[in-house]
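A quick write-up on the structure given underneath.
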Amino acid sequence: MKEFIEYLVKNLVEDPQSVSVNCYEGEPGVIVEIRVSQGDVGKVVGRKGMTIKALRTIASMVCARLGLKVRLELIE
């Protein structure tokens with residue numbers, strides 16, 4: 001899961017070396033934290049939040065097949 005999200009985000013941003021993805025097992029399921037450089041936050045969020053919403057949808061579909069819940073967070 002971590003590698004998949006990291007691959008998607010690295011292809012969205014201009015500085016792929018600054019992308020950091022951490023996964024934690026939380027009470028409701030998996031928590032995925034994404035860190036990018038300050039200049040790339042807008043690219044990950046997208047216009048009106050559409051890009052981050054699409055990433056959350058993809059992550060929830062992948063985790064649903066595994067029987068897990070996921071929460072995707074963008075950390076500045």
Side-chain angles (χ1 to χ4, degrees):
M1 178 61 155
K2 176 186 173 189
E3 293 83 16
F4 179 65
I5 297 295
E6 189 172 4
Y7 172 77
L8 291 175
V9 174
K10 281 186 177 184
N11 285 307
L12 289 173
V13 298
E14 287 185 22
D15 185 16
Q17 285 79 21
S18 68
V19 173
S20 171
V21 177
N22 296 317
C23 294
Y24 302 104
E25 294 290 329
E27 186 65 31
V30 180
I31 299 170
V32 179
E33 290 182 349
I34 301 171
R35 293 182 190 269
V36 295
S37 66
Q38 189 67 28
D40 288 330
V41 172
K43 290 185 187 275
V44 175
V45 173
R47 184 174 292 159
K48 295 184 182 178
M50 295 301 286
T51 306
I52 192 72
K53 184 178 178 182
L55 287 171
R56 287 181 175 138
T57 302
I58 291 169
S60 66
M61 288 173 50
V62 170
C63 282
R65 287 185 166 210
L66 301 173
L68 299 171
K69 290 187 178 182
V70 67
R71 192 170 82 202
L72 200 70
E73 296 180 356
L74 181 63
I75 309 295
E76 293 183 35

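These values consider heavy atoms only, across backbone and side chains, with no hydrogens, waters or symmetry-generated copies.
When the side-chain hydrogen bond (donor to acceptor under 3.5 Å, both in side chains) test is applied to E73, the partners found at least two apart in sequence or on another chain are R71. Residues forming a side chain to side chain contact (heavy atoms under 4.5 Å, CB included) with S60 (at least two apart in sequence, or on another chain): V70. The side-chain hydrogen bond (donor to acceptor under 3.5 Å, both in side chains) search around R35 returns none, not counting sequence neighbours. N22 meets the side chain to side chain contact (heavy atoms under 4.5 Å, CB included) test with S20, Y24; sequence neighbours excluded. The side chain to side chain contact (heavy atoms under 4.5 Å, CB included) check on L12 picks up T51, L55, with sequence neighbours excluded. For the side chain to side chain contact (heavy atoms under 4.5 Å, CB included) test, residues two or more places apart in sequence or in another chain that qualify with Y7 are N11. Annotation: side-chain hydrogen bond (donor to acceptor under 3.5 Å, both in side chains) contacts of K53 (sequence neighbours excluded): none. Judged as a salt bridge (Lys or Arg N to Asp or Glu O under 4.0 Å), and not counting sequence neighbours, K69 has no contacts.
Listed here is the closest heavy atom pair of S18 and S37: OG-N, 3.4 Å. When all heavy atoms of P16 and K10 are compared, the pair lying nearest together is O-CE, 3.5 Å. Scanning all heavy atoms of the two residues, the minimum distance from M1 to C63 falls at CE-SG, 3.3 Å.
Using a distance-only test at 3.5 Å, with no hydrogens or angles considered, no donor-acceptor pair links the side chain of D15 to the main chain of D40.
Partner of V36 under the side-chain contact (heavy atoms from CB on, under 4.5 Å) criterion, chosen from V21, V19, I75: V19.
Listed by first and then second residue, the salt bridge (Lys or Arg N to Asp or Glu O under 4.0 Å) pairs involving residues 55-68 amount to none (not counting sequence neighbours).
I31 and V62 are members of different hydrophobic clusters when ILVMFWY side chains are connected at heavy-atom separations under 4.5 Å.
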Would you be so kind as to tabulate the donor-acceptor pairs closer than 3.5 Å made by side chains of residues 41-50, with sequence neighbours excluded?
residue : atom : partner : partner atom : Å
K43     : NZ   : E14     : OE2          : 3.2

